[in-house]
Amino acid sequence: MISITAIIKSKQENIEEVKNLVHNLVIQTRKEDACIRYDLHTTENVFIIWEEWKDQAGLDIHNNQPYLQDFIKQSESLVASPILVYKTTQSL
């Protein structure tokens with residue numbers, strides 16, 4: 001299993017727009033066969049997605065989905081800093 005944490009920090013004036021984009025991304029991604037978990041957590045203008053994938057092949061398919069690519073393009077000018085993505089392994 002592969003775990004990913006993505007941190008998206010919206011500019012204050014774009015919170016609602018980023019929220020809508022993130023919500024669409026979550027809805028679409030949860031339909032993918034290799035997606036085990038795609039949970040959204042928020043606080044103010046920060047959106048954190050905790051992801052679990054069956055395998056690298058499934059994650060690769062996700063990374064090439066048009067809706068993910070569209071999200072990245074559309075959010076570029078709306079975020080306060082580049083989106084942070086961490087591929088992690090559970091340690092405890």
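No hydrogens, no waters, no symmetry mates; every other heavy atom, side chains included, goes into these values.
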Kindly give the heavy-atom pair with the smallest separation between Leu68 and Asn63, and that separation in Å.
CD2-CA, 3.5 Å

Any side-chain donor near an acceptor of the partner, Glu16 and Asn20, under 3.5 Å:
no

Give a yes-or-no answer on whether the side chains of Gln65 and Lys31 include a donor-acceptor pair shorter than 3.5 Å.
no

Leu40 and Trp50: CA distance, side-chain angles, deciding distance, side-chain contact (heavy atoms from CB on, under 4.5 Å) verdict:
CA-CA 7 Å; Leu40 176 62; Trp50 181 42; over 6 Å; no

Rounded distance [0.5 Å steps], [atom1] in [X] versus [atom2] in [Y]:
X	Y	atom1	atom2	result
Ile36	Lys54	CD1	NZ	7.0 Å
Ser3	Gln90	OG	CD	7.0 Å
Ile72	Gln69	CD1	CD	4.5 Å

Test log, rule side-chain contact (heavy atoms from CB on, under 4.5 Å), inputs Leu78 and Lys11:
CA-CA 6 Å; Leu78 305 174; Lys11 294 177 184 174; over 6 Å; no

Result for side chain to side chain contact (heavy atoms under 4.5 Å, CB included) between Ile49 and one of Thr5, Thr29, Leu25 points to Leu25

Partner set under side chain to side chain contact (heavy atoms under 4.5 Å, CB included) for Gln12, not counting sequence neighbours
Ile15, Asn45

The side chain to side chain contact (heavy atoms under 4.5 Å, CB included) partners of Val79 (sequence neighbours excluded) come to Ile8, Ser75

Please evaluate residues Phe47 and Lys19 with respect to the criterion side-chain contact (heavy atoms from CB on, under 4.5 Å), reporting the C-alpha separation (whole Å), side-chain torsions for both, the decisive distance (0.1 Å), and the verdict.
CA-CA 8 Å; Phe47 301 85; Lys19 178 181 172 182; 3.9 Å; yes

Does CD in Glu13 sit with more than 12 non-hydrogen atoms of other residues, nucleotides or ligands closer than 6.0 Å?
yes

Donor-acceptor contact present, side-chain Asp55 to main-chain Gly58, <3.5 Å:
yes

Give the cluster check for Ile2 versus Val26: same hydrophobic cluster or not, with ILVMFWY residues linked at side-chain heavy-atom distances below 4.5 Å.
yes

Quick check on the hydrophobic clustering: are Trp53 and Ile27 connected, directly or via other members, by side-chain heavy-atom contacts under 4.5 Å?
no

side-chain contact (heavy atoms from CB on, under 4.5 Å) between Val22 and Asn24: does it pass, once the steps are laid out?
CA-CA 5 Å; Val22 171; Asn24 181 61; over 6 Å; no

Can you tell if the side chain of Ile4 reaches within under 4.5 Å of the side chain of Thr88, non-hydrogen atoms only?
no

With sequence neighbours left out, which residue pairs that include part of residues 32-44 fulfil the side chain to side chain donor-acceptor pair (under 3.5 Å) condition?
Glu32-His62, Glu32-Tyr67, Arg37-Asp39

